[in-house]
2 protein chains.
Amino acid sequence: MPRRSESLSREQIVSTAVGILDAAGAGGLTFRVLAERLATGPGAIYWHVANKDELLTAATDAVVARALAEEPASGSPEDRVRAVALGLFDAVDQHPWMAAQLSTGTWQATSPHVLEAVGRQVRALGVPRADWFVTTTVLIQYILGAAVQNAANAQAAPRVGSRGEFLDAVATAWEELDAEEWSFTRTIGDQMRHHDDREQFLAGIDLALRGIAASRPQVRAAGGA
Amino acid sequence: MPRRSESLSREQIVSTAVGILDAAGAGGLTFRVLAERLATGPGAIYWHVANKDELLTAATDAVVARALAEEPASGSPEDRVRAVALGLFDAVDQHPWMAAQLSTGTWQATSPHVLEAVGRQVRALGVPRADWFVTTTVLIQYILGAAVQNAANAQAAPRVGSRGEFLDAVATAWEELDAEEWSFTRTIGDQMRHHDDREQFLAGIDLALRGIAASRPQVRAAGGA
DNA sequence: TCTCCTCTGGAACGTCGTTCCAACGTAGCT
DNA sequence: AGCTACGTTGGAACGACGTTCCAGAGGAGA
């Protein structure tokens, strides 16, 4: 059997893995499949990558780093927060396999990049220095939490039919619940039916921005709804 | 081989599974281990449970339902939001294996319980009806996102040493980063070193409450820190 | 008593992550 | 030029997992 001419590299392996993950989902990435794509055997991959966890972490790293690549330079501080947040949200939306990875804690190595990117905008918002850490980490927890759940919902929904049909089915089911036991859920079926995930996410960012602004009312109010 | 006297039940299987998950983590739950604990074979379990996903979903369901069991009745609306949020946060903290499950979207079946529990408090806060859905789902995304990441961090940290040592090591590493490229992260090392996860979580809830209050300033300001 | 039908539990299947190792090819030395 | 040492390859094999299969135990009804 002829041996490969040019040697494997870690970057090549990781970028091929991202390709497989994007095309086939988290379950589609196998050392055997990856080896076949690279025209080699599973053993060769282990020379460059310790195990599957490290491979998934590296893949997540690569995508997150790309999403954070350019810092938004124009616009109000609020708009720059929105830009960074949406960049991460969309990255997870387009690479749903990252959802599982972002919930394992292994991404802590990536974490500083996210912390720095969000933190700079928090600092620009005029948050008191003593609140920088808490404000930034709370924003990150919301951003990633919302992104992960959005990606998970997108995976769960399409098996039933179109998105519109799915939302309508859930909304209708809610509206038919018992009036006492489900007194709240019953009343929001229609809002569920017509909501948009990205707008909902941005509404959460705006809620946080209003909360931040309310903590230092002497400066000014946060931007629009 | 003698046959069991009393038959298996789905509830018995699920509660045994929760016990294994609590004791051995997500990786410790195996159909073989579970079968041995129940003094039966793997095949018998499949009569009551379709597959492992359904088992994990049922286990998560059971724990979440317990955490939401009693609705907080006393205190201000803000305090009741904090109580529900902390109940969920602590449940994930004590059953870290739920973190992976809460990020898969499979828990959508559980979702209405969480939605109802949080939504009732949002309604009590005096949020305009048109904002009920968005406000509630944003709160849930933050609560679960923060809980999941907290649980993941708790898994990642203890391998190095005590929590104090771990935080100190991370903080020190941050403080030694390049002053330009990491201009923000560098400055929050000390806040990282002395932070408390639960307080940080509650600070996030309070931030959201302030944001909610700021959206209807005609009523009153939110309480707390 | 006979006959279903529910439920059991052990064996077996295919796939996965991972380990092992014989062999290939190059760099550096003699 | 020949030899050796080492980094790297890639296929085979291992153990564990989720899941399926099926022979048969036990109780309920005729």
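Only a predicted model underlies this, so the values are computations on that prediction, with no experimental measurement involved. Throughout, protein chains are lettered first and strands after them, A, B, ... in sequence-line order, and every chain is numbered starting at 1.
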Sequence neighbours excluded, which residues qualify as side-chain hydrogen bond (donor to acceptor under 3.5 Å, both in side chains) partners of [X]?
X: A:Arg123; value: B:Ser183
X: B:Glu36; value: none
X: A:Thr135; value: none
X: B:Ser15; value: none

Tell me: [atom1] of [X] to [atom2] of [N], nearest whole Å?
X: B:Ile13; N: C:dC7; atom1: CD1; atom2: P; answer: 11 Å
X: A:Leu38; N: D:dG11; atom1: CG; atom2: P; answer: 12 Å
X: B:Leu34; N: C:dG9; atom1: CG; atom2: P; answer: 13 Å
X: B:Arg10; N: C:dT6; atom1: CZ; atom2: P; answer: 19 Å
X: A:Glu54; N: C:dG17; atom1: CD; atom2: C1'; answer: 14 Å

### Message
Does A:Leu29 reach a base, just sugar-phosphate, or nothing at all? Heavy atoms under 4.0 Å.
### Response
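A:Leu29: backbone/sugar contact only, no base atoms under 4.0 Å.
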### Task
Identify whether any heavy atom of A:Ile45 sits under 4.0 Å from a base atom; if not, whether one sits that close to sugar-phosphate; answer base, sugar-phosphate or nothing.
nothing
### Query
Are OP1 or OP2 of D:dG10 and a side-chain N or O of A:Thr40 less than 4.0 angstrom apart?
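Checking D:dG10 against A:Thr40, a side-chain N or O does come within under 4.0 Å of OP1 or OP2.
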### Query
Has B:Trp47 got a side-chain N or O lying under 4.0 Å from the OP1 or OP2 atom of C:dC7?
yes
Extract from the structure each pairing of a protein N or O with an N or O of nucleotides 19-21 of chain D at less than 3.5 Å, listing the distance.
| unit_1 | atom_1 | unit_2 | atom_2 | d |
| --- | --- | --- | --- | --- |
| D:dT19 | OP2 | B:Tyr46 | OH | 3.1 |
| D:dT19 | OP2 | B:Lys52 | N | 2.8 |
| D:dT19 | O5' | B:Tyr46 | OH | 3.3 |

#### Entry: Contact list for residues 6-37 of chain A, test ring pair (Phe, Tyr, Trp, His ring centres under 6.0 Å), sequence neighbours left out
A:Phe31-A:Tyr46
#### Entry: Shortest side-chain distance from A:Thr30, nucleotide among C:dT8, C:dC16, D:dT8
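So the side chain of A:Thr30 is nearest to C:dC16.
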### Query
Using a distance-only test with no angle check, is there a side-chain donor-acceptor pair under 3.5 angstrom linking A:Thr185 and B:Glu116?
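A pair is found: one side chain offers a donor N or O, the other an acceptor, under 3.5 Å apart.
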